[in-house]
Amino acid sequence: MEAGARRAPVGVAWLQAARLVIGDYVALTKPRVISLLLVTTVTTMFVADRSPRLSNVLLTMLGGYLAAGGAGAINHYIERDIDARMSRTSRRPLPSGRLEPRHALYFGVLLGALSFAIFALGVNMTAALLAMAGLFGYVFVYTMWLKPSTTQNIVIGGAAGAVPPLVGWAAAAGQLDPSAFYLFAIVFYWTPPHFWALALLIKDDYARTGIPMLPVVDGEPETRRQILLYGWLLMAITVLPLAGGLFGVVYAISALVLNAVFIGLCLRLYRRADRRSALLLFHYSLAYLALLFCAMAADALIVG
C-alpha cells in the first residue's frame with residue numbers, strides 16, 4: 001500500500017507535465033486566431049453550396065486548422081527572438097524555453113503536410129493548393145519578408161489571412177467562382193483596421209523590437225486616420241456582394257447594422273487618442289467579421 005501510495009503522485013505529476021506540454025503545442029497553433037478563420041471558411045461553404053456534406057465540412061475544418069496551425073507554429077519558430085523582447089509574447093512556449101525551437105518547426109511542417117494530405121485526399125486538390133498558398137503566404141511573404149521591412153506589411157500580407165473563404169468555397173463547390181473573391185476582399189480590407197487597432201495598444205513592444213508597424217513609423221494620428229479610411233473602404237466592399245446579387249435582405253440588414261457600429265468605433269478612435277477606443281474597436285472587429293460571415297450563410301440558407 002505504501003509503495004502504491006508513493007507511486008500515485010508520480011503518475012499525477014507525469015499527467016500534469018504531459019498536459020502542459022500538449023498545451024504548449026496547441027498554443028503554437030494560435031487557436032484563438034484559427035477559430036475566426038474557421039468561421040469564415042465554414043460559412044463560405046454554405047454560401048457556395050447550401051447543403052455541403054457533413055464529412056466535407058468536418059474534413060475542411062480539420063484541414064483548415066492544420067494549415068493555419070502549421071503556419072502559426074512556424075511563425076513561432078521564426079519570431080522566437082522577437083517574441084522574447086515583447087511583453088505580450090515573452091511567455092510563449094519558445095521564448096520561455098518550455099519547448100525546443102526545432103521541435104516547433106518540425107511540428108509546423110508536419111501540420112502543414114497533414115493538412116495538404118487531408119485536403120488532397122479527402123476534399124479536392126483546389127482546396128489543398130489554396131490552403132498551402134495561405135500557409136506559405138503567411139510564413140514567407142508576411143512573416144519573413146513584409147513584417148520586418150515595411151509599414152504596409154499587414155496590408156499586403158493580409159492576403160494570406162483572407163485565403164480561408166477561398167478554401168471554403170473550393171471545398172464546397174470543387175472550384176472557385178468569381179463571387180468567392182468578394183468574400184476574400186472583405187477579409188482583406190477588414191485586416192488593416194483590425195490589426196492596427198491592436199498595434200496601437202502594443203506600439204511600444206513593436207518599437208522595442210524594431211518592427212516597422214504603422215503606429216511606430218508614421219505615428220498614432222496617421223494610424224487612426226488609416227483605420228478610419230479602411231473602415232469606409234470595408235463598408236463599400238461589403239456592399240459589393242449585394243450589387244452582384246450574391247446575397248439578399250438578411251445579409252443587407254446585417255451588413256448595415258454591423259458596418260454602422262464599425263464606422264462609429266473607427267470615428268471614436270479617430271477623435272479620441274485613448275486605449276479604450278482602440279481596445280473596443282479591436283474586440284468588436286472580431287465579432288464583426290464572424291457575424292458578417294454568419295449573416296452570409298444565414299442569407300444563403302433562408303433567402304436563397
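Predicted, not measured: the structure shown is a model, and the values here were computed from it.
There is no path of hydrophobic side-chain contacts, each under 4.5 Å, that joins Leu289 to Trp232. There is no path of hydrophobic side-chain contacts, each under 4.5 Å, that joins Tyr189 to Tyr270. Both Phe282 and Leu292 are assigned to one and the same hydrophobic cluster, defined by single-linkage of ILVMFWY side chains at heavy-atom distances under 4.5 Å. Both Leu286 and Val187 are assigned to one and the same hydrophobic cluster, defined by single-linkage of ILVMFWY side chains at heavy-atom distances under 4.5 Å. At a threshold of 4.5 Å between side-chain heavy atoms, the hydrophobic network of Ile, Leu, Val, Met, Phe, Trp and Tyr places Tyr182 and Ile237 in one connected group.
Within a 6.0 Å radius of CZ in Arg85, more than 12 heavy atoms belonging to other residues, nucleotides or ligands are found. The number of heavy-atom neighbours closer than 6.0 Å to CE of Met235, taken from other residues, nucleotides and ligands shown, is above 12. The local environment of CZ in Arg98 is crowded, with over 12 non-hydrogen atoms from other residues, nucleotides or ligands closer than 6.0 Å.
Put simply, the side chain of Thr29 reaches to within 4.5 Å of the side chain of Leu111, judged on heavy atoms. Counting heavy atoms from C-beta outward, Phe247 and Val47 have side chains that approach closer than 4.5 Å. Looking only at side-chain heavy atoms (C-beta outward), Phe116 and Leu129 come within less than 4.5 Å of each other. Side-chain atoms of Ile227 and Leu281, non-hydrogen and from C-beta on, do get closer than 4.5 Å to each other. The side-chain heavy atoms of Pro31 and Val26, taken from C-beta on, include a pair separated by under 4.5 Å. Looking only at side-chain heavy atoms (C-beta outward), Leu54 and Leu58 come within less than 4.5 Å of each other. Residues Leu176 and Leu130 have side chains in contact (heavy-atom distance under 4.5 Å, counting atoms from C-beta outward). Side chains of Thr44 and Met296 form no contact here, defined as non-hydrogen atoms less than 4.5 Å apart.
Under the 3.5 Å distance criterion, the side-chain polar atoms of Asp24 are left unmatched by any main-chain donor or acceptor of Leu99. For the pair Arg208 (side chain) and Met86 (backbone), a donor-acceptor distance under 3.5 Å is absent. Counting only distance, with no hydrogens or angles, the side chain of Asp49 and the backbone of Phe46 share no donor-acceptor pair below 3.5 Å. For Trp190 (side chain) and Ser285 (main-chain N/O), a donor-acceptor pair under 3.5 Å exists by modelled atom type. Side-chain atoms of Thr150 never come within 3.5 Å of backbone atoms of Leu146 as a donor-acceptor pair (strictly under, hydrogens ignored). Although no hydrogens or angles enter the test, the distance criterion places no donor-acceptor pair under 3.5 Å between the side chain of Arg92 and the main chain of Asp83. Panel note: side chain Asn259, backbone Ala255; a donor-acceptor pair is recorded below 3.5 Å. Not a single donor-acceptor pair under 3.5 Å links the side chain of Tyr65 to the backbone N or O of Leu38. Between the Thr60 side chain and the Ala171 main chain, no donor and acceptor come within less than 3.5 Å of each other.
Classification of the Phe140-Phe136 ring pair by plane angle, with boundaries at 30° and 60°, yields parallel. Ring orientation note: the planes of Tyr230 and Trp196 are nearly perpendicular, at an angle over 60° on the 30°/60° scale. Tyr25 and Phe107 have perpendicular rings, their planes meeting at more than 60° on a 0 to 90° scale where under 30° would count as parallel.
For the atom pair OH of Tyr251 and CG of Leu246, the computed distance is 8.5 Å after rounding to the nearest 0.5 Å. The CG atom of Asp218 sits 9.5 Å away from atom CZ of Arg225, with the distance rounded to the nearest 0.5 Å. With rounding to the nearest 0.5 Å, the separation of SG in Cys266 from CD in Gln226 is 12.0 Å. Residue Glu100 holds its CD atom at 9.0 Å from CG of Leu94, rounded to the nearest 0.5 Å. Interatomic distance, CG of Leu37 versus CZ of Arg32, reported as 13.5 Å (0.5 Å rounding). The distance from the CG atom of Leu214 to the CD atom of Gln152 is 7.0 Å, given to the nearest 0.5 Å.
Annotation for Val250 and Ala298: closest pair CG1-CB, 4.3 Å, computed over non-hydrogen atoms. When all heavy atoms are compared, the tightest approach of Ala73 to Gly108 is CB-CA, 3.7 Å. Here the closest heavy-atom approach between residue Ile186 and residue Leu234 is recorded as O-CD1, 3.4 Å. Across every non-hydrogen atom of Ala172 and Ala48, the tightest pair is CB-CB, 4.0 Å. Pro164 and Thr41 make their closest contact through CB-OG1, 3.2 Å (heavy atoms, listed as atom of the first residue, atom of the second, distance). Closest of all the heavy-atom pairs between Pro95 and Thr89 is CG-O, 3.5 Å.
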Derivation and outcome, side-chain contact (heavy atoms from CB on, under 4.5 Å), residues Ile202 and Tyr206: CA-CA 7 Å; Ile202 57 174; Tyr206 285 129; 3.5 Å; yes

CA sep, side-chain torsions, deciding dist, call: Met213, Val217, side-chain contact (heavy atoms from CB on, under 4.5 Å): CA-CA 6 Å; Met213 287 298 175; Val217 177; over 6 Å; no

Evaluation steps, side-chain contact (heavy atoms from CB on, under 4.5 Å), between Ile211 and Val216: CA-CA 8 Å; Ile211 297 175; Val216 176; over 6 Å; no

Full working for side-chain contact (heavy atoms from CB on, under 4.5 Å) between Arg224 and Leu200: CA-CA 9 Å; Arg224 296 198 303 274; Leu200 285 170; 4.1 Å; yes

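With 3.5 Å as the limit, one finds no donor-acceptor pair spanning the side chains of Tyr138 and Thr143. At a cut-off of 3.5 Å, with distance as the only test, a side-chain donor of Asp274 or Ser277 sits close to an acceptor on the other residue.
Separation of the Phe184 and Trp169 ring centroids does not fall under the 6.0 Å cut-off.
In this structure, Arg80 forms a cation-pi arrangement with Tyr77, its terminal cationic atom sitting closer than 6.0 Å to the ring centre and no more than 45° off the ring axis.
A salt bridge is absent between Asp205 and Arg88: the closest approach of a Lys/Arg side-chain nitrogen to an acidic carboxylate oxygen does not fall below 4.0 angstrom.
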